[in-house]
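Quick notes on the structure that follows.
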Number of protein chains: 2
Amino acid sequence: MDKTLKRMATMQRMQVTGLELFYKKGYYNTSVDDILKELSLSKGAFYYHFDSKEDFFIQIIENLLVRKMYSMLIEPIEGHENTLDSITNCFEDALETAVHNELDFGFVLSNFVNEFNGKNEKIMKHLNDILRIWEANLVSAVQRGKFNGFIDRHVDSEGMAVFLMSSYMGIRTLMVETAPSARKYRFMSQLRQYFKSIEPKGENSLNPNAVFGNVN
Amino acid sequence: MDKTLKRMATMQRMQVTGLELFYKKGYYNTSVDDILKELSLSKGAFYYHFDSKEDFFIQIIENLLVRKMYSMLIEPIEGHENTLDSITNCFEDALETAVHNELDFGFVLSNFVNEFNGKNEKIMKHLNDILRIWEANLVSAVQRGKFNGFIDRHVDSEGMAVFLMSSYMGIRTLMVETAPSARKYRFMSQLRQYFKSIEPKGENSLNPNAVFGNVN
DNA sequence: ACTTAAACCGACCGGCCAGTCTGTTCTCAT
DNA sequence: ATGAGAACAGACTGGCCGGTCGGTTTAAGT
């Protein structure tokens, strides 16, 4: 365990800058040497730790991408009763990091889905796993929102999850070049508009979660 | 004019299969020889007609992508008074071709934006032009919808355009692998939900377009 | 029939890149 | 101190790909 410390540290360094470059320039347009140059390491070091470029990337997905997706787009929604509010805040934060050109992992994911679709089935499997997890968590968040009286009982939870993921991934694509800050603002305002049509109508509109408490 | 007929025909063939392969495998992962093999043509033929692979791709954008974007995502919305209906129908049709794995040019565009972003400024300029045209046409469609009484006067036209483009490009990314038909259905149903919150409320809800006629 | 240019062929070049392999340096237990 | 394995260095290979270039075929005008 202790002796593997150095190993782990090097692998971690490689993966972090690997993800950074893969994100910036794309997987196929980033050579292993590009990453190694950034770290002043050699081919020997790389292939000592990883089997192949593909294996390297899959480990990046498992070790970095999955965790960051959780901390940025799943956990911020998981804990709270008022689903619509927490989704709004979560998207707001994620898009704000995007405006500052920092790594926005929801977009990293969408980028890679686009790059590998139809080209590398093995990697697509891993990416689709993450999408499924994201979707499942959104679905249960919507259901919790219904239960807690913040979302109309008649809305389709699956549909809402798909719609949220779609619009999020889409706005990130649109933010890459033209007026990211303005587009973020407009997007968020329309998202709130959409949420208005989702709120419970009529008698049961007061939230009963003081009675039932949180679900799960 | 007449003598250039053969030239035009060959260039057209190259561009059509070029777009097809670039879409399926990506620009950087498709070699010029891949396209040539498909057509039983040689390098000589290619570089006789085009300056470079990049030039070739830009001509594909101008000759094929732009036109198809017009016919699939712009003109179907342009002519009609009831903006929300025509957008719904337009998206419905476009996503249906996507379900059948045919070339859906809105997605082709979004794919290329993802592939070239940060990698090829020259090509990005051309792609951004198309995005701007699409956006402008959606904005004016929304404004027409307001004028004709199908859309609430208070909604932000720019915001709605951005939101529509986002969600469309996003759902296409989500449809590439998992349950495209189901996701299309869910998406369209949520889009209609969103549109509900966009309709005019209160007194002026009856459309007055019988009085004013169409705008433009 | 002959000329001429357009259209096309395909071998070749130079550069890049994933992966290999041999060898060197570092680390640490004994 | 030293042997042994872990960690790393870097030259090299084979394949691919964009682009070039000298040559051949096709077609059209005269």
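Proteins come first, then strands; the chains are lettered A, B, ... in the order of their sequence lines, and each starts at number 1.
Phe57(A) places its CZ atom 19 Å from the C1' atom of dG19(C), with the value rounded to the nearest Å. Atom-to-atom, CG of Asn29(A) to C1' of dC16(D) comes out at 14 Å; the value is rounded to the nearest Å. Look at OH on Tyr47(A): it is 17 Å from P on dT22(C), rounded to the nearest Å. Regarding Asp55(B), its CG atom lies at a distance of 14 Å from the P atom of dG18(D), rounded to whole Å. Atom P of nucleotide dG19(C) and atom CD1 of Ile35(A) are separated by 12 Å, given to the nearest angstrom. The distance from atom CZ of Phe46(A) to atom P of dT20(C) is 11 Å, rounded to the nearest whole Å. The CE-P distance, from Met8(B) to dA6(C), rounds to 16 Å in whole Å. As a whole-Å value, the separation of Leu41(B) CG from dC9(C) C1' is 10 Å.
Partner Tyr28(A) forms a ring-ring contact (aromatic ring centres under 6.0 Å, His included) with one of Phe112(A), Phe116(A), Phe22(A) and no other, that one being Phe116(A). Tested against Asp104(A), the residues Asp93(A), Thr97(A), Leu109(A) include a single side-chain contact (heavy atoms from CB on, under 4.5 Å) partner, Thr97(A).
Residue Lys53(B) is in sugar-phosphate contact alone, with no base atom involved, counting any heavy-atom pair closer than 4.0 Å across all strands shown.
Mapped onto DNA chain C by nearest heavy atom, Glu54(A) and His49(B) fall at different nucleotides, with His49(B) at the one closer to the 5' end. In terms of position on DNA chain C, the residue among Ala45(B) and Val32(A) whose nearest nucleotide sits closer to the 5' end is Ala45(B).
No cation-pi contact links Lys122(B) to Phe57(B), judged by a cut-off of 6.0 Å to the six-membered ring centre and 45° from its axis. Geometrically, Lys53(B) engages Tyr27(B) in a cation-pi contact, judged by NZ or CZ lying under 6.0 Å from the ring centre and within 45° of the ring axis.
Distances shorter than 4.0 Å separate none of the side-chain N or O atoms of Arg7(A) from OP1 or OP2 on dA6(D). Residue Tyr48(A) places none of its side-chain N or O atoms closer than 4.0 Å to OP1 or OP2 of dC8(D). The side chain of Thr10(B) places an N or O atom within less than 4.0 Å of a non-bridging phosphate oxygen (OP1 or OP2) of dC8(C).
Ring pair Phe163(A)/Phe163(B) is perpendicular by interplanar angle, where above 60° counts as perpendicular and below 30° as parallel. Phe91(A) and Tyr168(A) have tilted rings, their planes meeting at an angle from 30° to 60° on a 0 to 90° scale.
When distances are taken from the side chain of Lys43(B) to each of dC9(C), dG19(D), dG10(D), the shortest belongs to dG19(D). Comparing dG10(C), dG18(D), dA11(D) against the side chain of Ser42(B) picks out dG10(C) as the nearest.
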Output a table of nitrogen or oxygen pairs between the protein and nucleotides 23-26 of chain D separated by less than 3.5 Å.
none

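Atoms CD and CG, from Glu158(A) and Leu138(A) in turn, are 10.5 Å apart once rounded to the nearest 0.5 Å.
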